[in-house]
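All residue numbers refer to positions in the sequence shown, counting from 1. When a ligand or atom number is given, it counts from 1 through the structure's own listing order.
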Amino acid sequence: MTYVTSPHSGDTPGDFGRDLLSNLYYQRGTTLESASAQDTYHSLALTVRNRLVDRYIRTAAAHYRANPRFIYYLSAEYMLGKQLDQNLLYSGTEDSAHRALEGLGLSSSDLDALDVEPGLGNGGLGRLAACLLDAMASQDIPAVGYGIRYDFGIFKQAFQDGGQVERPDDWTFYGNPWEFHASDDQQTVGFYGHVEPLDGVRKSWVPGEVVLGEPSHMLVPGYGTSTVNIIRLWRARAARESFDLSRFGAGQYGEAVEEIVRSENISKVLYPDDSTELGRELRLKQQHFLVTCALRDIVRRFRLRNSDWDDFAGKVVIQLNDTHPVMAIAELMRMLVDEEGLEWDRAWSITRRVFAYTCHTLLPEALETWPVALVQRLLPRHMEIIFLINHLFLQEVAARYPGDDAKLRELSIIQEGGEQRVRMAHLAVVGSSAVNGVAELHSRLLAATTLRGFAELWPGRFHNVTNGVSPRRFVRLANPRLSGLISERLGGQAWLTDLDRLVELEPAADDSAFRERWREIKRLNREDLARHALAATGVAIDPDALCDVMIKRFHEYKRQLLRVLHVVAQYHRIRRDQVVDVVPRTIVFGGKAAPGYYAAKRIMRLANTVADLVNEDPVVSPYLKMVFLPDYNVSRAQLIIPAADLSEQISLAGKEASGTSNMKLALNGALTIGTLDGANVEIRDRVGADNFFLFGLDTTEVAAVRERGYDPRAYYDRDAELREVLDTVAHYDKDIVDDLLHRDEYLTLADYRAYVDCQDQVARAWRDREGWTRTSILNTARSGFFSSDRTVRDYCRDIWHVTPLRIDG
Ligand code: NBY
């Protein structure tokens, strides 16, 4: 049965309030008078969720009827952000809900504080997945996201003596009102065991261990449309008979649940490492678990309306978010050949057409490889299939490059020499019909360096799709004040789904009354941030000071260290009363480091130390404050970004694939100080070179410096101010300075002088407040390209070949 019209259309505060009380009564078994905070929060969440269910049911029915081509997005990570604010907005009930809550004497902000963000990702890659799902739903693209429902998401970050400490993120402790459990759609996933011959290439894998995957889904509503897609998250469970009653009876409580614990550990925790490939068996198990559950679910859905495997590639696109789900290529081959009995060549043709692969890095150390011995033990049949895929692939290579053994070694899916390993990126490229990088520069470098041999072999397979961000999440929800002003000026909210319309703001940059209001909004946003900073760190910041923001994972290549060096330089200048190029600034840091990434953690500790030094100095602190806001996440981003005046995008050129905080900040009117790296290049092209603070070596110059033999020490010897800065740093952490002087892998010292001088330019520009505001408005006006809606349109056109399917209503 489907509703013809939404039962909630034309909601009044009265309707909303009545439903809320009804949910309190029937779902929580209580009344307003005796409800706990959790009771009220859960009832509110259900009331909001109910307003999306009807749209979801209609979407599912329409999809069933139309039997369209679906995008299946496979990602080990999703950073969804809070659901309450989003779903209030997307269901169009923000107003009636707020008024209903007010009428009931409830505080919306207290309730919002109880909404826990699912932190099922590390950084940009996980957030990109969420922005793409948002944009797909908002543009009526039939899509399902598949992921893992980790019991523990990304760790919570706190500081102890300036160093990072990690605490578990038990995000479902009080239950998760946003998800629907679907235990009837469980799948079984095998591990270990052995392979038995059937006929020809066909084999039978007999797993030695079996685990259940249990799905639950969360709604992914589109904005300004009726589509509601879903994200399906899988949780590992032990088979029913796993509890050992007799051992429990014998008092062996630990042993009695051993099997349950072993099974359920698979989805226990998100690996918090975004820097290096981490060769852990459990992680490979996670990947195989996700891939198997997702593929079986995709086939189940395919079979609802189709029966011929020849139609599969027409109905199914599987987008692989980096290499973490790439084992899907081997698993689909196994299903088609071993279980469905398809000929190898036919199965391979289907498989290759179905998959597409997005790469998010250029760093060789981040390219995933797995020891052949481990894959053989954990997934014996998959390893055979990978060897066969590789064998056939290398025949193709040999035909193309006769006698070129080096070429075979370069391209092989199997890395030889020492321990044999499976190169997941190679498997991904060989098994996909499209490969893309995430910004123009990145895609170009991928094809020219990291995946060069493949790009030569199959040039048509390589694409660029520049990343984008959700304007709903990162402008409308994060920055309601600015959104209000934009809507007022543009005469409506159409820009939220057509972000190019922000260009219509350009004339407003020359309107002094508009600039005044723009500045006032920035100021109010900085006041909000100041309140949070004071509560979180005890540091009082001046809401009139330039708000200078660096928010991203801690990584050496991103060069938070360079940011810190500039702060130390400013500290000395102010102490010397050399304040010509000093304007009052607040340096804001946010970001986590992988728990085992010691170099990044050292830099983080240094940042905290320098913050104390600066904040506690009575001469310096009126000009310079530094706050490191702990536990950076999506909610914190929504608070920091609207307050930012300056966006720090200072990675060494050629290292940052794209960056996405650069886009979020520019859209909110921050000016960028940055290198020619990742999407910075495209941001600068669009906002104009005059409205962007560019500094530093470009990729060609980086190569030239290395070619000449990079000598960081020479910069130290030549630059007195740099000497003073490094001598100060050495006082706190000698190892950091030793490394800078002798190695400096990321050319921090080579870019130091250009950076500091560029920061002086920033200060001079800030003094001209009208000019600055004008540039700020132009940054917003010209950043419409960076909407994830545009990103999804690019994927649809170049890679997915799908068109929207509008849902009536
Ligand atoms: O993906 C980031 C890139 O660094 C950034 O430039 C880009 O904008 C963003 C979206 O395309 N990569 C990233 O966030 N990577 C990870 O979080 C990550 C997570 C896990 C693993 C590796 C990287 N892993 O090895 O498991």
Side-chain angles (χ1 to χ4, degrees), residues 73 75-79 119-132 147-148 150 153-154 269-280 282-287 290 319-327 357-370 423-425 428 436-443 445-446 464-470 551-559 591-597 600 632-634 637 649-665 674-675 677-683 786 788 791 794-795:
Y73 197 83
S75 178
E77 304 193 7
Y78 291 92
M79 299 256 260
L120 308 181
N122 275 290
L125 171 155
R127 181 55 226 180
L128 182 78
C131 283
L132 293 183
I148 299 176
Y150 302 105
I154 186 68
V269 62
L270 167 83
Y271 277 93
D273 196 321
D274 73 327
S275 42
T276 49
E277 166 267 315
L278 193 91
R280 296 277 294 275
L282 188 58
R283 189 170 185 144
L284 185 57
K285 272 186 149 179
Q286 283 187 341
Q287 296 184 353
L290 163 62
Q319 187 67 43
L320 301 166
N321 197 23
D322 219 288
T323 52
H324 321 137
V326 163
M327 206 48 91
Y357 158 58
T358 306
C359 176
H360 295 266
T361 189
L362 282 166
L363 308 181
E365 67 270 25
L367 287 181
E368 200 175 27
T369 63
W370 291 104
R423 295 158 157 166
M424 299 305 277
N436 76 283
V438 289
E440 267 171 27
L441 176 68
H442 174 236
S443 299
L445 292 174
L446 260 187
N464 172 59
V465 184
T466 299
N467 284 166
V469 303
S470 164
I551 40 177
K552 49 188 84 254
R553 284 293 287 246
F554 263 68
H555 246 287
E556 290 167 281
Y557 82 78
K558 293 179 192 278
R559 300 198 297 193
K592 297 174 183 176
Y597 189 176
Y632 181 62
N633 58 14
V634 178
Q649 308 299 339
I650 61 178
S651 52
L652 174 64
K655 296 291 179 188
E656 188 70 271
S658 162
T660 44
S661 77
N662 46 2
M663 302 171 183
K664 295 162 193 166
L665 286 158
T675 50
D677 200 14
N680 296 354
V681 178
E682 287 155 84
I683 292 177
F786 301 102
S788 47
T791 308
D794 288 354
Y795 276 108

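Listed by number with element, the atoms of ligand 1 under 4.0 Å from a non-hydrogen atom of Ala657 are 6 (O). Interface of Tyr557 with ligand 1, defined as ligand atoms under 4.0 Å from a residue heavy atom, comprises 4 (O). Below 4.0 Å from some heavy atom of Asp273 lie the following atoms of ligand 1, by number and element: 19 (C), 20 (C), 21 (C), 24 (N), 26 (O). Taking every heavy atom of Gly124 and a limit of under 4.0 angstrom, the matching atoms of ligand 1 come to 1 (O), 9 (C), 10 (C), 14 (O). Close contacts of ligand 1 with Asn122, meaning ligand atoms under 4.0 Å from a residue heavy atom, involve 17 (O).
When all heavy atoms of Met663 and Gly468 are compared, the pair lying nearest together is SD-CA, 3.9 Å. The two residues His360 and Asn321 come nearest to each other via the heavy atoms NE2-OD1, 2.6 Å.
In summary, the side chains of Ser651 and Glu656 do not present any donor paired with an acceptor at a separation below 3.5 Å, with no hydrogens or angles considered. Residues Ser275 and Glu365 have side chains that never bring a donor and an acceptor to within less than 3.5 angstrom of each other. At a cut-off of 3.5 Å, with distance as the only test, a side-chain donor of Asn436 or Tyr795 sits close to an acceptor on the other residue.
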Inset, instruction - Give the intermediate values and the outcome of side chain to side chain contact (heavy atoms under 4.5 Å, CB included) for residues Leu120 and Tyr150. - result: CA-CA 7 Å; Leu120 308 181; Tyr150 302 105; 4.1 Å; yes
Legend entry - Residues Arg559, Thr675; criterion side chain to side chain contact (heavy atoms under 4.5 Å, CB included); working and verdict: CA-CA 11 Å; Arg559 300 198 297 193; Thr675 50; 3.7 Å; yes
Inset, instruction - Would you check, one step at a time, whether the test side-chain hydrogen bond (donor to acceptor under 3.5 Å, both in side chains) holds for Gln649 with Ser661? - result: CA-CA 9 Å; Gln649 308 299 339; Ser661 77; 3.3 Å; yes
Inset, instruction - Give the intermediate values and the outcome of side chain to side chain contact (heavy atoms under 4.5 Å, CB included) for residues Thr358 and Val438. - result: CA-CA 8 Å; Thr358 306; Val438 289; 3.6 Å; yes
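Annotation: His360 places an N or O atom under 3.5 Å from an N or O atom of ligand 1; distance criterion only.
The protein non-hydrogen atom at the shortest distance from atom 15 (N) of ligand 1 is Leu125 CB, 3.7 Å. The shortest contact between atom 23 (C) of ligand 1 and any protein heavy atom is with Asp274 O, 3.5 Å. Here the heavy atom of the protein found nearest to atom 19 (C) of ligand 1 is Glu77 OE2, 3.3 Å. Closest to atom 4 (O) of ligand 1, if we only count protein heavy atoms, is Glu656 OE1, 3.1 Å.
Contacts with ligand 1 closer than 4.0 Å are made by side-chain heavy atoms of His324 only, the backbone lying farther away.
Gly659 counts as a contact of ligand 1, since one of its heavy atoms falls under 4.0 Å from the ligand.
The heavy atom nearest to atom 24 (N) of ligand 1, out of those in Lys558, Arg283, Glu277, is found in Arg283. Nearest residue to atom 10 (C) of ligand 1 from Val469, Asn467, Val438, Leu367 is Asn467 (criterion: closest heavy atom).
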